[in-house]
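Data block below; observations after.
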Amino acid sequence: MTGVHQRYATLQAARRGDRKAFDIIWQDFREPLCAIVRRTLPEAHNLAKERQVLEVMGDVHDRSFEELQHKPSNWSTYGWLSWIAHRESMRRAEQAV
């Protein structure tokens, strides 16, 4: 199976609720999603901000797994995950105000 076919099969398994398949996808995108969260959250002391980043990333992970079956087919997996990361970061930033 080629890389593209393997990624598609992994995505389909994750959409059926396979947590291990989802975690494989998550690991591929975790660092770029972390960067989105860091850029979106307001400035704070480094330790406090890192704690917030980890909390938001946990929210992004859980929400994206819960909503994966609703991912629009015309969105890339990264595009969809980054949209969730941005949305969750903005929600946390608004709560901080």
Side-chain angles (χ1 to χ4, degrees):
M1 196 178 292
T2 66
V4 172
H5 291 106
Q6 181 62 41
R7 283 192 296 271
Y8 181 78
T10 303
L11 177 60
Q12 293 311 309
R15 289 182 86 153
R16 290 189 303 271
D18 183 333
R19 179 67 88 163
K20 287 183 181 182
F22 178 77
D23 286 341
I24 290 168
I25 294 167
W26 180 257
Q27 287 307 314
D28 287 344
F29 298 111
R30 186 179 180 284
E31 286 305 314
L33 295 173
C34 241
I36 291 169
V37 171
R38 280 190 187 97
R39 282 192 312 266
T40 308
L41 289 175
E43 290 301 314
H45 181 269
N46 286 342
L47 288 177
K49 187 166 183 174
E50 272 310 301
R51 185 173 52 245
Q52 290 177 359
V53 168
L54 292 175
E55 290 171 2
V56 171
M57 287 297 290
D59 294 344
V60 172
H61 179 273
D62 294 345
R63 177 136 348 228
S64 56
F65 182 71
E66 292 167 6
E67 296 181 11
L68 185 58
Q69 62 188 348
H70 304 294
K71 179 186 103 41
S73 60
N74 62 332
W75 284 37
S76 70
T77 302
Y78 174 71
W80 182 75
L81 288 170
S82 63
W83 174 73
I84 291 176
H86 182 76
R87 186 180 70 183
E88 291 300 315
S89 300
M90 293 301 294
R91 185 183 324 226
R92 180 63 61 100
E94 289 170 2
Q95 290 173 350
V97 173

| request: Any salt bridge (charged side-chain N to carboxylate O under 4.0 Å, His left out) involving residues 74-87? Give me the pairs, sequence neighbours left out, ordered by first then second residue. | output: Glu67-Arg87

For the residue pair [X] and [Y], establish whether any side-chain heavy-atom pair is separated by less than 4.5 Å.
X     : Y     : value
Arg16 : Gln69 : no
Leu11 : Lys71 : yes
Thr10 : Asp18 : no
Trp80 : His70 : no
Tyr78 : Ile25 : no
Ile36 : Arg39 : yes
Trp83 : Trp75 : yes

| query | Can a salt bridge be assigned to the pair Arg92 and Asp59 using a cut-off of 4.0 Å between side-chain N and carboxylate O? | reply | yes

| query | Is the shortest distance from a Lys or Arg side-chain nitrogen in Glu88 or Arg91 to a carboxylate oxygen in the other one below 4.0 Å? | reply | yes

Value rounded to 0.5 Å, distance of [atom1] in [X] from [atom2] in [Y]:
X     : Y     : atom1 : atom2 : value
Thr77 : Tyr8  : OG1   : OH    : 10.5 Å
Leu41 : Glu55 : CG    : CD    : 10.0 Å
Cys34 : Leu54 : SG    : CG    : 6.5 Å
Ile84 : Glu66 : CD1   : CD    : 9.5 Å
Arg15 : Ser73 : CZ    : OG    : 7.5 Å
Ser64 : Phe29 : OG    : CZ    : 11.0 Å

| remark: Correct closest heavy-atom pair for Ala14 and Ala21 would be N-CB, 3.7 Å

| said: Could you report the tightest heavy-atom contact between Ala85 and Ser89, atom names first, then the distance? | reply: O-OG, 2.7 Å

| message | Quick one, His61 with Arg30, criterion side chain to side chain contact (heavy atoms under 4.5 Å, CB included). Give me CA distance, side-chain angles, the key distance, then yes/no. | response | CA-CA 9 Å; His61 179 273; Arg30 186 179 180 284; over 6 Å; no

| task | Find out if a path of hydrophobic residues (ILVMFWY) with successive side-chain heavy-atom gaps under 4.5 Å connects Ile24 to Leu33. | result | no

